[in-house]
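Letters A, B, ... are given to chains in the order of the sequence lines, protein chains preceding strands, and every chain is numbered from 1.
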Amino acid sequence: MQIIDTKKFQSDLLDWYDNEKRDLPWRRERDPYRIWVSEIMLQQTKVDTVIPYYERFLTKFPTLEALADADEEDVLKAWEGLGYYSRARNLHQAVKEVRDDYNGIVPSTEKEIAALKGVGPYTAGAVLSIAYNVPAPAVDGNVMRVLSRIFSIYDDIAKPASRKKFEAITRDLLPENRAGDYTQALMELGAVVCLPRKPACLLCPVAEHCSARKEGVQEFLPVKAKKKAPRSVQLSVGVVRDSRGRYLVEKRPDTGLLAGMWQFPHSEEGLDGLPAVDESSWENLTQIRHVFSHLVWEMDVYQTVHDVQKLEKAQQLLTVDELKQKAFPVSHQKIIALLEES
DNA sequence: GATTCGTGGGT
DNA sequence: TACCCAAGAAT
C-alpha cells in the first residue's frame, strides 16, 4: 500500500472541509442526542431525504427524555416513509436504556455506546467523534470509496470483512484533534467530490495523495459486488369497509419486515387468506407494484363493504382520518390515497 | 458471512 | 425499463 504524508493529507482535507462544508441541520448541533438521531436517519438514506424528517422528529422529540417517554406508535409515525423502520424502534429502545442506565447522558466510550441497540461500528464511531471529538473511526460507504481510491484497494466493499481493513486505515489517519471534523470531512468528500461514478478529481483537495488518480483507475474503484435481483411476492390485499365507513386495518408483528407498522389485511394465498366475507363480493380496486431492496410486492387490491363481526387481535376498525394517525408503509399509503379520492 | 431490513432519486 | 445508489445494523 502506498505511503502518504498523513499530516499533509489531514490538513488538506480539513482545510477544504472548513471552506466547503455544506450547511446541514445536524452540523449546527452539539447535543449528542441530536447527533445520534441524525446518524441513525442517515443510514442508507440520502441527506436530502433526511433533512425534513430530522427537523420534524426533533420538533416532536426535542430531547432524549422526550423520545424515551414517547409511545412507540408515535415514534414510528414520525419515521413513516423513511424506511428501515427497525432503526426507529431500536433508537427508541436505546434512548430508554440511556435514560435508565446512564442518567440520560449518551455514553462516550466505544464499549458502552456500541452496546446500544441499533448502534453498530459506524454509528458508534460517528457519534463518538462528532459529538465528543473522540478519535474513533467511522467507516461508511463514503469512507470506503474514498480510501479505496487513495490507496488503490481492490477489496470488495460489499463484503463485511472489508470494513475492518478500512477501519484500521482510518484509525491510523485520524488526527489527535478535530476527530469529529475529520470524520465528517472524509464523508463529505465522498458525498460531493469523490463520487461513485465520475469522481470530480479536478476539484479534489487530496488528489495529490490519491493512488487511483495517479494510476487513472479512479473510475474502477471501489470494487463492489452486484446484489442479486429481488424476489417477487404475490399479495392479495383486502380493503374492508363497514356500513359506518370504517376500514379494517391491522398492526404487523413486531419482528421482520415493516415490524410494528399498520396495513390492510393481505395474503399470499389469494382471496382465501383475506378476512371472511362472501368471496363474490370482492371487487378489484387496483394493482400496485412496490419494490423493496430485497423483494417486490405484486399487490392485487380488492375492496368490499361488509360489517365485521369479530376483530382479530391487532385489528381495528378506523375511519380514514383515524387510520392516518397510524404509521403505514408507503405501499399501503398508496391504497389510502385511493380511498380518499373516492 | 450471507441475508434481511425501505424508500426515493439518478442515469 | 432496469438497474444503481445512499452517513449500516441485526440476525
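- A distance of about 16 Å separates the P atoms of C:dC4 and B:dT3, rounded to the whole Å.
- Ring pair A:F264/A:F328 is tilted by interplanar angle, where 30° to 60° counts as tilted.
- Of all nucleotides listed (C:dA7, B:dA2, C:dA6), B:dA2 comes nearest to the side chain of A:K159.
- In this structure, A:Y154 places its OH atom where more than 12 heavy-atom neighbours from other residues, nucleotides or ligands lie under 6.0 Å away.
- Taking atom P in both C:dA7 and B:dT4, one finds a spacing of 23 Å when rounded to whole Å.
- Nucleotides of DNA chain B nearest to A:R231 and A:S331 differ in position, and the one nearer the 5' end is that of A:R231.
- Classification of A:K77 and A:E80 as a salt-bridged pair holds, one side-chain N sitting under 4.0 Å from a carboxylate O.
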Under-3.5 Å N/O pairs linking protein and nucleotides 8-11 of chain B:
from	atom 1	to	atom 2	distance (Å)
B:dG8	N2	A:K46	NZ	3.0

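- Taking the six-membered ring for Trp and the full ring otherwise, A:W79 and A:Y84 have centroids separated by 6.0 Å or more.
- For the pair A:P329 and A:A161, both in contact range of DNA chain B, the more 5′-proximal nearest nucleotide belongs to A:A161.
- Under 3.5 Å, the side chain of A:Y84 and the base of B:dG6 form at least one donor-acceptor pair of N or O atoms.
- Residue A:R163 has no polar side-chain atom (N or O) positioned under 4.0 Å from OP1 or OP2 of C:dA9.
- Side-chain contact check for A:R246 versus A:V308: every heavy-atom pair is 4.5 Å or farther apart.
- Contact between the side-chain N/O atoms of A:Q43 and the OP1/OP2 oxygens of C:dA7 is not found at any separation under 4.0 Å.
- Contact of A:T45 with B:dG6 (side chain to base): a donor-acceptor pair of N or O atoms is detected under 3.5 Å.
- Between A:D140 and A:R289, the residue whose closest nucleotide on DNA chain C is further toward the 5' end is A:R289.
- Ion pairing of A:D307 with A:R244 is absent here, as no side-chain N (NZ or NE/NH1/NH2) approaches a carboxylate O to less than 4.0 Å.
- Under the 4.0 Å criterion applied to side-chain N and carboxylate O atoms, A:D100 and A:K96 are not assigned as salt-bridge partners.
- Checked against C:dC4, B:dT3, B:dG6, the side chain of A:K226 finds its nearest nucleotide in C:dC4.
- Going from atom CE of A:M187 over to atom C1' of C:dA7 covers 5 Å, rounded to whole Å.
- Put simply, the side chain of A:L67 does not reach to within 4.5 Å of the side chain of A:D69, judged on heavy atoms.
- With a 6.0 Å radius and a threshold of 12 heavy atoms from other residues, nucleotides or ligands, A:E340 has its CD atom above the threshold.
- Between the base of C:dG8 and the side chain of A:T123 there is no donor-acceptor pair shorter than 3.5 Å.
- Remark: the separation of the P atoms in C:dT1 and B:dG6 is 24 Å, to the nearest Å.
- For DNA chain C, the neighbouring residues in residues 18-28 of chain A, judged by any heavy atom under 4.0 Å, are A:R22, A:L24, A:W26, A:R27.
- Residue A:Q44 has its side chain nearest to C:dG8 when only B:dT7, C:dT11, C:dG8 are considered.
- For B:dT3, the OP1/OP2 oxygens have no side-chain nitrogen or oxygen of A:H294 closer than 4.0 Å.
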Legend entry - Residues A:R87, A:T45; criterion side chain to side chain donor-acceptor pair (under 3.5 Å); working and verdict: CA-CA 12 Å; A:R87 291 183 296 175; A:T45 310; 3.1 Å; yes

